[in-house]
Amino acid sequence: MNSENKHKKKSKMERGLTNRHVQVMAIAGTIGTGLFLGAGRSISLTGPSIVLVYMITGGFMYLMMRAIGEMLYQDPEQHTFINFITRYLGKGWGYFSVWSYWLSVVFIGMAEITAIAHYVQFWFPSWPSWLIQVVFLTILGLVNLIAVKIFGEVEFWFAMIKIVAILAMIATGVFLVLTGFETPYGSASLTNISEQFSLFPNGGMNFVMAFQMVFFAYLMIEFIGVTTSETKDPRKVLPKAVKEIPLRIIFFYGGALLAIMSIIPWHELSATDSPFVTVFELVGLKWAAALINFVVLTSAASALNSTLYSTGRHLYQIAHDSPNRFLKAIKADTLSRHNVPQNAIIASAVLIGFAAFINVLPGVSDAFALITASSSGVYIAIYILVMVAHLKYRKSKDFMADGYLMPQYRLLNPLTMLFFIFVFGTLFLQESTVMGARGSAIWIVAFGIYSQWKFRK
């Protein structure tokens, strides 16, 4: 099949997402489950300066999205940003990136499906985890197979649950501070944030290590670039979705963290308990734990839903660009009558479904945990490659001077890459992440060399 026919075939994917879908998914896409469950741990690491860590990290993720957004604006027919790595860095790095990214997102899906079983067992502890995982995977798989519009509608309501929960936390914080509400820790007040303030209250190393924890809260922020390609007017929707990322980060992350610390002094927060549960229980919501469990359950289900969407599109892309016998046999490069990559989605879902059985096998589950951790480091390598591709794009004949341009790219692009390298380095500083960091380093070197060798001509 020549490249022209390929392009025509790929462009048949349905543009069923609306601006409403994309804008709400863009908001929720910047909010990870870690904010609800892990905010106490991140605050305990470095106190109020954790807000600074979230803002700095969010700022660099926004710059990456500006680079991706600039290239997608120029060529809105692309269904994955990985294509730009192939186009501007060559087939070797493209092959490395598309397979690495697909596998990394599959492992994220495996982690999310494992989390879903844990959250459901909060209410039904006797239900077997493998059954819960299979049921959720089947339901969300069907959502992805029916039509992209159905996927968008389900994601919209999943996103709204997260957004409403954070708005409720911020509103609670404002109300308690204005009324001087008395808690077991004293009065709710902004002075709870400034009291005993220090940029590095628990040492500079904890401040540095907080970056990798916060970085992974933003993972899959690039998903918004994938969804805009399936809207009716991507060049209108994309800039709006990307340019509002900084405001969302400041409002949702900054607002929620400041609300928590104004109600409970930061040095009194538990590193293990969810501060959302603690705050809502303080105002008399006895079923706060069940409420937040419901929020994180829908958040994990949303992440799994997005994972199926993303892995399906990327495997479809692989089947077009680097077909092999297996992908040809399952016809991964074809679209269903609903114009979705049906076979690619099913194949990805089956692989994610192995998590249901891996987790019950002793020894194998430990290896799975290592592989999942390793995929996080591989993500960083792909982010760096897409920034390099952006630099190449700026010097190519494709460059669109009147497009959606990344500001000050000569300075900010290399600075963003340095930040990603810094985050990768922090993975080696903590016992819980060092094995994953080593695993990802081995994969990057070994598979990177193989990919270059494969396309050496």
Side-chain angles (χ1 to χ4, degrees), residues 20-21 23-44 48 50-51 54-55 58 115-116 119-120 122-123 153-190 192-193 214 217-218 221 244-266 268-303 305:
R20 171 177 67 95
H21 292 141
Q23 297 308 328
V24 173
M25 283 191 283
I27 295 171
T30 59
I31 306 166
T33 306
L35 179 62
F36 299 100
L37 296 179
R41 184 180 168 213
S42 57
I43 292 171
S44 68
I50 192 65
V51 177
Y54 269 96
M55 296 303 111
I116 284 171
Y119 300 141
V120 171
F122 175 87
W123 293 293
E153 203 61 36
V154 171
E155 265 311 281
F156 175 86
W157 291 107
F158 276 155
M160 286 300 292
I161 291 169
K162 278 199 290 190
I163 292 166
V164 169
I166 295 177
L167 290 175
M169 167 60 79
I170 295 171
T172 300
V174 171
F175 175 76
L176 297 187
V177 167
L178 291 177
T179 58
F181 186 84
E182 287 294 325
T183 74
Y185 313 98
S187 299
S189 170
L190 292 176
N192 287 332
I193 301 171
V214 170
Y218 287 110
I221 193 174
E244 292 179 2
I245 287 175
L247 291 175
R248 294 175 192 132
I249 289 169
I250 292 168
F251 182 77
F252 287 100
Y253 277 110
L257 292 169
L258 292 174
I260 290 166
M261 290 186 287
S262 64
I263 298 166
I264 306 169
W266 60 270
E268 298 283 356
L269 277 166
S270 167
T272 55
D273 298 332
S274 166
F276 276 73
V277 173
T278 306
V279 168
F280 288 141
E281 284 180 343
L282 283 175
V283 295
L285 209 61
K286 300 301 180 186
W287 40 277
L291 172 66
I292 297 305
N293 190 73
F294 172 71
V295 171
V296 294
L297 171 60
T298 57
S299 181
S302 169
N305 197 30

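All values below were derived from every heavy atom in this structure, side-chain atoms included, with hydrogens, water molecules and symmetry-related copies excluded. Residues: numbered from 1 along the sequence shown.
- Using a distance-only test at 3.5 Å, with no hydrogens or angles considered, no donor-acceptor pair links the side chain of Ser299 to the main chain of Val295.
- The six-membered or imidazole ring of Phe252 lies away from that of Tyr54, with a centre-to-centre distance of 6.0 Å or more.
- The shortest heavy-atom contact between Ile260 and Pro275 is CG2-CB, 3.7 Å.
- Side-chain atoms of Ile264 and Leu282, non-hydrogen and from C-beta on, do get closer than 4.5 Å to each other.
- The heavy-atom pair separating Ser262 from Ile193 by the smallest distance is N-CG1, 3.9 Å.
- Residue Trp287 places its CH2 atom among 12 or fewer non-hydrogen atoms of other residues, nucleotides or ligands, all under 6.0 Å distant.
- Glu155 approaches Ser302 most closely through the heavy-atom pair OE1-OG, 2.8 Å.
- Atoms CD1 and CD1, from Ile221 and Ile249 in turn, are 5.0 Å apart once rounded to the nearest 0.5 Å.
- Of all heavy-atom pairs between Tyr119 and Val296, the closest is CE1-O, 3.6 Å.
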Chi angles and distances behind the side chain to side chain contact (heavy atoms under 4.5 Å, CB included) call for Ile163, Phe158: CA-CA 9 Å; Ile163 292 166; Phe158 276 155; over 6 Å; no

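- Taken to the nearest 0.5 Å, the CD1 atom of Ile292 stands 5.5 Å off from the OG atom of Ser274.
- Of all heavy-atom pairs between Trp123 and Ala290, the closest is CZ2-O, 3.4 Å.
- Looking at Asn192, its side chain never comes within 3.5 Å of a backbone N or O of Pro265 through a donor-acceptor pair.
- Interatomic distance, Leu258 CG to Trp266 CH2, rounded to the nearest 0.5 Å: 14.0 Å.
- Put simply, the side chain of Ser187 never gets that close to the backbone of Thr183: no donor and acceptor are under 3.5 Å apart.
- Rounding to the nearest 0.5 Å gives a distance of 14.0 Å between CG of Asp273 and CZ of Arg41.
- Counting only residues at least two apart or in different chains, ring pair (Phe, Tyr, Trp, His ring centres under 6.0 Å) contacts with residues 168-189 are absent.
- In this structure, OH on Tyr253 lies 9.0 Å from CG on Leu257, to the nearest 0.5 angstrom.
- The CG atom of Leu297 sits 11.0 Å away from atom CZ of Phe122, with the distance rounded to the nearest 0.5 Å.
- Under the 4.5 Å side-chain criterion, counting only non-hydrogen atoms from C-beta, Leu291 is not in contact with Phe276.
- Residues Ala288 and Phe280 come closest through the heavy atom pair CB-CB, 3.5 Å.
- Side chains of Met261 and Leu190 form no contact here, defined as non-hydrogen atoms less than 4.5 Å apart.
- Side chains of Phe36 and Lys162 form a contact here, defined as non-hydrogen atoms less than 4.5 Å apart.
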